[in-house]
Asks: 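I am attaching a structure below and will ask some questions about it afterwards.
In this text, all values refer to a predicted model and were calculated from it rather than measured experimentally.
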Amino acid sequence: MPIVYNITSERQFDKFASKKDIVTVMNFWAKWAEPCQQMNEVIMELSTKFPSLTYINVEVDEFPNIVTKMKVDSVPSFLIVQENKVLDKIEGAKAAELSNLVSKYAASQNKPSINNDNELEFRLRDLIYRDYIMVFMKGVPEKPRCGFSKQVIELLDGLNVKYSTFNILSDEQVRQGLKVFSDWPTYPQIYVKGELIGGLDLLKEMIQSGEFQQMIANLK
């Protein structure tokens with residue numbers, strides 16, 4: 001199922017912008033601008049119609065540094081980006097023009113059938129965004145298959161937070177693919193709203209400093 005990602009950090013944005021093999025459609029919007037509401041729906045429709053591209057929403061008031069870096073002067077604005085290069089730009093609520101532009105880049109991707117690598121990437125994204133907090137671990141919470149995974153579950157349970165897990169021992173494709181996708185070679189891996197937090201050691205540090213509690217409090 002196609003997804004439109006809502007940017008939650010500059011690091012997450014940079015990761016999408018730097019993609020080499022996939023074109024990203026960036027929707028810069030604001031809550032106070034009425035035309036943005038309509039165009040947000042257009043973006044959702046385009047993500048369904050042209051799933052070979054990646055779609056992200058950037059709320060301009062939340063990320064002024066990104067707005068400045070991408071030279072966005074008005075909302076709504078739409079950038080077509082690949083490997084940190086702006087390929088095209090549309091300013092204003094021009095649904096037909098945006099649809100034509102997205103169609104052009106979807107065709108240039110030349111992916112009428114998604115190849116195995118991209119199919120796996122789409123699947124990994126869906127898994128990462130399955131819940132606000134996602135833990136990729138060895139085993140399941142009731143029966144962890146390694147000490148590190150067991151400690152992560154104990155820490156999260158101790159905070160009394162809701163989370164979902166994926167047993168990487170049950171799917172070798174996900175187990176190996178996620179290492180490359182996240183550029184993180186070990187398990188468990190913890191994600192908060194699609195952003196990689198790290199493994200057990202980093203989770204411990206963030207809990208001790210209170211950073212993790214603050215992060216998940218903002219998600220509730």
Side-chain angles (χ1 to χ4, degrees), residues 2-47 50-106 108-109 121-122 124-125 128-129 132 181-184 190-198 202 205-206 209-220:
I3 293 177
V4 179
Y5 299 96
N6 293 312
I7 294 302
T8 58
S9 70
E10 291 187 29
R11 185 172 71 174
Q12 182 192 24
F13 175 86
D14 291 339
K15 187 173 182 179
F16 281 115
S18 62
K19 289 287 185 181
K20 293 182 179 180
D21 301 323
I22 298 180
V23 173
T24 298
V25 182
M26 300 182 174
N27 170 29
F28 288 83
W29 72 288
K31 292 179 180 178
W32 45 263
E34 186 175 343
C36 290
Q37 308 305 322
Q38 176 189 355
M39 294 306 294
N40 286 351
E41 295 180 7
V42 172
I43 284 289
M44 286 297 297
E45 292 175 2
L46 291 175
S47 73
F50 304 106
S52 62
L53 307 184
T54 297
Y55 301 80
I56 66 174
N57 291 330
V58 182
E59 190 174 346
V60 295
D61 293 330
E62 295 290 329
F63 300 100
N65 291 338
I66 294 177
V67 171
T68 300
K69 179 170 64 176
M70 303 307 293
K71 299 179 181 178
V72 173
D73 300 318
S74 62
V75 292
S77 285
F78 305 91
L79 304 185
I80 309 295
V81 176
Q82 185 174 24
E83 203 171 352
N84 292 315
K85 295 179 181 178
V86 178
L87 307 178
D88 261 307
K89 181 176 183 178
I90 293 178
E91 295 181 335
K94 303 172 183 176
E97 186 175 339
L98 178 62
S99 179
N100 290 335
L101 192 64
V102 169
S103 174
K104 181 184 78 171
Y105 281 99
S108 71
Q109 291 279 92
E121 184 169 340
F122 293 149
L124 292 176
R125 288 178 181 171
I128 288 168
Y129 279 85
Y132 280 135
F181 181 83
S182 63
D183 195 23
W184 194 270
I190 303 102
Y191 291 78
V192 175
K193 207 173 182 181
E195 183 177 357
L196 176 66
I197 299 303
L202 285 174
E205 291 178 10
M206 293 179 71
S209 68
E211 182 182 356
F212 187 77
Q213 293 90 319
Q214 183 179 5
M215 179 183 296
I216 61 177
N218 294 334
L219 298 177
K220 293 179 181 179

Asks: What are the two closest heavy atoms between Lys94 and Glu91, and how far apart are they?
Replies: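 Closest pair (atom of Lys94, atom of Glu91, distance): CE-O, 3.1 Å.
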Asks: Which residues pass the ring pair (Phe, Tyr, Trp, His ring centres under 6.0 Å) test with Phe63, sequence neighbours left out?
Replies: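 Listed in chain order: nothing, the list is empty.
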Asks: Run the side-chain contact (heavy atoms from CB on, under 4.5 Å) test against Glu62 and tell me which residues pass, sequence neighbours left out.
Replies: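 Expected list: Glu59.
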Asks: Is it true that the NZ or CZ of Lys15 lies under 6.0 Å from the centre of Phe181's six-membered ring and within 45 degrees of the ring axis?
Replies: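 Geometry flag: set, cation within 6.0 Å and 45°.
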Asks: Tell me whether Gln38 at atom CD has more than 12 heavy atoms from other residues, nucleotides or ligands lying less than 6.0 Å away.
Replies: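 No, because the 6.0 Å sphere around CD of Gln38 holds 12 heavy atoms or fewer from other groups.
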Asks: Distance check, rounded to the nearest 0.5 Å: Leu98 atom CG versus Leu46 atom CG?
Replies: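 Taking CG in Leu98 and CG in Leu46, the distance rounds to 5.5 Å.
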Asks: Out of curiosity, Thr8 OG1 to Lys193 NZ, how far, rounded to the nearest 0.5 Å?
Replies: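 Here the rounded value is 6.5 Å.
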Asks: Looking at Ala30 and Val60, what are the two nearest heavy atoms and their distance?
Replies: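 That would be CB-CG2, 3.8 Å.
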Asks: Going by the rule ring pair (Phe, Tyr, Trp, His ring centres under 6.0 Å), which residues pair with Phe212 if we only count those two or more places apart in sequence or in a different chain?
Replies: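 Scan of Phe212 (ring pair (Phe, Tyr, Trp, His ring centres under 6.0 Å), adjacent residues dropped) gives none.
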Asks: Do you see a donor-acceptor pair shorter than 3.5 Å between the side chains of Asn57 and Asn40?
Replies: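 Side chains of Asn57 and Asn40: no pair found under 3.5 Å.
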Asks: Do Lys19 and Thr54 have side-chain heavy atoms sitting under 4.5 Å apart?
Replies: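 No, too far: nothing below the 4.5 Å cut-off.
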Asks: Can you name the residues that form a side-chain contact (heavy atoms from CB on, under 4.5 Å) with Ala17, not counting sequence neighbours?
Replies: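 Only Phe13, Met26, Val81, Asn84 meet the side-chain contact (heavy atoms from CB on, under 4.5 Å) criterion with Ala17.
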Asks: Check Gln213 against Met206 and note the closest heavy-atom contact, atom names and distance.
Replies: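 For Gln213 and Met206, the tightest heavy-atom pair comes out as OE1-O, 3.7 Å.
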Asks: Heavy-atom distance under 4.5 Å between the side chains of Leu53 and Val102, does that happen here?
Replies: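 The answer is yes; the side chains approach within 4.5 Å.
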Asks: Any non-hydrogen side-chain atom of Val4 less than 4.5 Å from a side-chain atom of Ile56?
Replies: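 Of all side-chain heavy-atom pairs linking Ile56 with Val4, none is under 4.5 Å.
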Asks: Could you tell me whether a side-chain N or O of Arg11 sits under 3.5 Å from a main-chain N or O of Leu196, the two making a donor and an acceptor?
Replies: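 Here the side-chain-to-backbone pair exists.
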Asks: How long is the straight-line distance from OH of Tyr5 back to CZ of Arg125, given to the nearest 0.5 Å?
Replies: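 Going from CZ on Arg125 over to OH on Tyr5, the span is 4.5 Å.
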Asks: Main chain of Thr24, side chain of Gln82: is a donor-acceptor contact present, judged purely on distance under 3.5 Å?
Replies: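 Between the backbone of Thr24 and the side chain of Gln82 there is no qualifying donor-acceptor contact (under 3.5 Å).
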Asks: Looking at every non-hydrogen atom in both residues, tell me the closest pair between Ala95 and Val42 and how far apart they are.
Replies: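 For Ala95 and Val42, the tightest heavy-atom pair comes out as CB-CG2, 4.1 Å.
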Asks: Is it true that a side-chain atom of Tyr105 and a backbone atom of Ile80 form a donor plus acceptor pair closer than 3.5 Å?
Replies: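 Side chain of Tyr105 to backbone of Ile80: no pair is present.
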Asks: Any idea which heavy atoms bring Lys89 and Leu79 closest together, and the distance?
Replies: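 Nearest heavy atoms, Lys89 then Leu79: CG-CD2, 3.2 Å.
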Asks: When the side chains of residues 67-78 are checked against the rest of the protein, which donor-acceptor pairs come out under 3.5 Å, sequence neighbours left out?
Replies:
{"residue": "Thr68", "atom": "OG1", "partner": "Pro64", "partner atom": "O", "Å": "3.0"}
{"residue": "Lys69", "atom": "NZ", "partner": "Asp14", "partner atom": "OD1", "Å": "2.7"}
{"residue": "Ser77", "atom": "OG", "partner": "Ser74", "partner atom": "O", "Å": "2.6"}

Asks: Considering only heavy atoms from C-beta outward, does the side chain of Pro51 approach that of Phe122 to under 4.5 Å?
Replies: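 When only atoms from C-beta onward are counted, Phe122 and Pro51 do not touch, as no gap falls below 4.5 Å.
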Asks: If I compare all heavy atoms of Ser99 with all of Phe50, which pair ends up nearest, and what's the gap?
Replies: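 Minimum heavy-atom contact is O-CE1, 4.4 Å.
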Asks: Taking ring pair (Phe, Tyr, Trp, His ring centres under 6.0 Å) as the cut-off, I'd like each qualifying pair that reaches into residues 25-47, sequence neighbours left out, listed once.
Replies: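 Checked against ring pair (Phe, Tyr, Trp, His ring centres under 6.0 Å) - neighbours excluded - no pair reaches residues 25-47.
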Asks: Rounded at 0.5 Å granularity, tell me how far CD in Glu211 sits from CG in Leu202.
Replies: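 If we round to the nearest 0.5 Å, Glu211:CD and Leu202:CG are 9.5 Å apart.
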